[in-house]
Amino acid sequence: MLKTALINLSAIQRSYKKGVLVLLDACILPLLMWIAYSIRLFEPATDVMSGLPLWFAVVSVLGLTSLWIFGIYHAVIRSFNENLILRLALATILVVVALYVLSYAHLALIPMSIPLMFGFLLFAWVWGSRAFIRFLVGYALSSHIPKIRVAIYGAGSAGQQMATALHRSPHYLPVCFLDDQPNLQGQVVTGLKVYSPKQLIALGEKYAINEVLLAIPSMNKQQKIEIIKSIEPIFAKVREVPSLEHLVDGQLQVSDIREVDIVDLLGRDPVPPKYDLLDKNITDKVVMVTGAGGSIGSELCRQIIKRQPKLLILFEQSEFSLYSIEKELSVLYLDKVIPILGTVLNQDKLIRVMTQYAVQTVYHAAAYKHVPLVESNPIEGLRNNSVGTAKSLNAAVMSQVETFVLISTDKAVRPTNVMGASKRIAELYCQAIAAQTSKTKISIVRFGNVLGSSGSVVPLFKQQIAKGGPITVTHPEVTRYFMTIPEAALLVIQAGAMGQGGDVFLLDMGESVKIRELAAQMVRLSGLKLKQHPEDEGDIEIQYTGLRPGEKLYEELLIDQSNVQPTSHERIVKSFEKFFTLDELVLLFEKLEEVYTNKTDLDWVLAQLEYFVDGYHRSKDVVVN
């Protein structure tokens, strides 16, 4: 009954709500004055404000007018905050001053302590009544909604803001703070007790914690990893507030809470880029990116446009991908972005575009990258990755482009698949052309997997966890190197600027990661328990599906481990590797075009890959189609 009445009351028009509050205060304020006199004189039957017959009306008018002037009746009760405390204090002071004026004007008998006592009672009434109404209405509106019980890690400014915001939310219930500062532990902050993180396991049971919110925006990557590891035993979901520079107004709200991205945990703390290398081939130059709509290509475009090129040519065969990146960049750089639909297999068009816009730098990112797909479509993969690179480079040389950078992969090193072999053939062609010309500086940049790219395991695992599992991993021991897309793009640009001709640059990928451990960590971040075996208790199981066609247990970045030298950048090294003459490779590419036309001689093609590419041996999974 009461619950229904409160819900109906909360739904009435705002003007009616104001009227109810004004009427309530008008009735209570004279009572507060009587209480002040009763306390002061220890006599309930005492005269109140003697000499002023309509004292109760005067008290009501003074109080209501003051509260109205300072906007107390305009405030939404559910958002009563510190700003309202200040305004209420000013309204109270105004009433106290008005009562002293009445006393000194001898309009009523008002002892000196009465205005102060009434001011205290007025403040307590207004604040307490609004808090009580807020509690009742909030309870009525949200009592039927199950709440997520949240422990806030960090009792600083960000944590306090989040606690206040969560208290107002119908979906969350903050239960405690965790903070490693001894001077805060045991204190009560915004109504929540602060505990040591060492007590987390006991607190998880005591408060039935569903979620831990990281509210330390300044923490670095290593601190975040250690905190998340300490949370794992209670199987609580981990989320975080963004860094302060990502906030628009500096005030945290429930909507600012975000998932902890596994990318943030695997990626490394960034090394400041060398801006002279970033600017060298970009600033005030006409730059072209092939495969501009792909994961790496689009991030290259984002980083390039920040370095103020004269023009940025987006070359892409996928209409939707081209539309997406062109739309994103054109919002701020409309006059500098030229979108062009086309394939890198069309050398004439490439020459026409490069000549028309006087392109000075080319980043060649166009490629088929999915290993099993290329294994099932070997001729198409070879043609796009190898022949496409050759035609792009030919066009660049004929158009007198200053710099050509091939984006390669760690899968080109002793590959077990056609995709990796096709990229190594592309590298060999670049090295062969570099030996023939000095007008176009040609560089090759080789690196491993990028987190969040199309085909990355991270988005796949997220989908599988959202569906309740299982998570599919190819092999318990499979490992991969990982790098964030922005870091990879910045290093590619810097490496390309160091090239002199035919250089193979390798990006420092950090430590390799077991895919099984990556999957397990993503499960724990979701607050779920990993099932080690089908019969175990838990939420998500990992299923091993076996290595896919052409897939390796681990990847390498170097063919010859001894033939490496450092560069001026701490995360980029240069490799010196054997290459073939241009004449040998030209014959290979001509034959590849013939094979593509009649879809025969796959055995010959695979034999050529085994001849040209160190470590490659054909797989039984390669098919003609």
Side-chain angles (χ1 to χ4, degrees), residues 288-298 300 313-322 325 340-351 353-354 362-396 404-412 415 417-430 432-433 442 444-446 450 453-455 549-550 585-586 588-602 604-606 608-609 612-613 616 618-619 621-625:
M288 177 173 171
V289 178
T290 67
S295 304
I296 288 294
S298 60
L300 276 170
I313 314 297
L314 312 177
F315 196 88
E316 170 64 55
Q317 69 170 341
S318 166
E319 179 189 21
F320 177 74
S321 298
L322 181 62
I325 186 63
I340 296 177
L341 273 172
T343 170
V344 291
L345 293 165
N346 188 340
Q347 184 170 308
D348 291 337
K349 181 167 186 174
L350 287 166
I351 293 172
V353 170
M354 292 179 187
V362 173
Y363 292 96
H364 181 61
Y368 292 148
K369 306 177 182 71
H370 296 267
V371 169
L373 288 180
V374 175
E375 205 72 0
S376 299
N377 300 270
I379 305 300
E380 195 69 44
L382 275 166
R383 188 165 182 263
N384 188 71
N385 292 358
S386 303
V387 178
T389 298
K391 294 195 173 189
S392 299
L393 180 54
N394 292 342
F404 182 94
V405 181
L406 168 65
I407 314 300
S408 190
T409 171
D410 57 355
K411 293 176 177 61
N417 52 72
V418 175
M419 195 285 284
S422 70
K423 293 297 284 185
R424 179 55 186 152
I425 293 291
E427 290 183 359
L428 289 172
Y429 190 84
C430 289
I433 291 289
I442 303 165
I444 300 156
V445 184
R446 188 188 289 161
V450 286
S453 68
S454 61
L585 292 169
V586 167
L588 170 63
F589 281 91
E590 289 176 351
K591 182 66 174 178
L592 281 175
E593 287 288 66
E594 291 179 18
V595 171
Y596 177 78
T597 302
N598 54 36
K599 299 292 189 298
T600 59
D601 277 348
L602 178 62
W604 178 87
V605 171
L606 297 179
Q608 298 308 302
L609 293 183
F612 283 102
V613 180
Y616 175 75
R618 72 184 73 189
S619 165
D621 299 302
V622 180
V623 296
V624 180
N625 51 23

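Rounded to the nearest 0.5 Å, atoms CD1 (Ile325) and OG (Ser298) are 5.0 Å apart. Distance check, rounded to the nearest 0.5 Å: NZ of Lys369 to CD1 of Ile407 gives 9.5 Å. The structure places CD of Glu319 at 8.5 Å from CG of Leu322, a figure rounded to the nearest 0.5 Å. Atoms CD1 and CG, on Ile340 and Leu350 in that order, are 9.5 Å from each other to the nearest 0.5 Å.
For the side-chain hydrogen bond (donor to acceptor under 3.5 Å, both in side chains) test, no residue two or more places apart in sequence or in another chain qualifies with Ser386. Remark: Lys391 engages Glu593 in a side-chain hydrogen bond (donor to acceptor under 3.5 Å, both in side chains) (not counting sequence neighbours). Residues passing the side-chain hydrogen bond (donor to acceptor under 3.5 Å, both in side chains) test with Thr343, sequence neighbours excluded: none.
Contact annotation: the side chain of Ile433 approaches that of Asn394 to within less than 4.5 Å [non-hydrogen atoms, C-beta and beyond]. Contact of the Ile296 side chain with the Tyr363 side chain is not registered, since no non-hydrogen atoms from C-beta on lie closer than 4.5 Å. Between Leu592 and Gln608 there is no side-chain heavy-atom pair separated by less than 4.5 Å. Using a 4.5 Å heavy-atom threshold, the side chains of Val613 and Pro415 count as touching. Tyr429 is not listed as a side-chain neighbour of Thr389, based on a closest heavy-atom distance of 4.5 Å or more.
Here the rule is side-chain contact (heavy atoms from CB on, under 4.5 Å) with Phe315, and of Val362, Val289, Val344 only Val344 fits it.
The two residues Cys430 and Leu393 have their closest heavy-atom pair at CA-CD2, 3.7 Å. Counting all heavy atoms, side chain and backbone alike, Phe589 lies closest to Ala390 at CE2-CB, 3.8 Å. When all heavy atoms of His364 and Gly388 are compared, the pair lying nearest together is CE1-O, 4.1 Å.
Judged purely by atom type and a 3.5 angstrom limit, Asn385 uses its side chain to pair as donor or acceptor with the backbone of Tyr368. For Glu375 (side chain) and Val418 (main-chain N/O), a donor-acceptor pair under 3.5 Å exists by modelled atom type. Under a 3.5 Å cut-off, the side chain of Thr290 and the backbone N or O of Ala365 do form a donor-acceptor pair. Side chain of Lys349 to main chain of Leu341: a donor-acceptor pair is present (N/O by atom type, distance under 3.5 Å, no hydrogens or angles). In this structure, Lys411 contributes its side chain and Arg424 its backbone to no donor-acceptor pair below 3.5 Å.
No side-chain N or O of Ser321 forms a donor-acceptor pair with one of Glu316 less than 3.5 Å apart.
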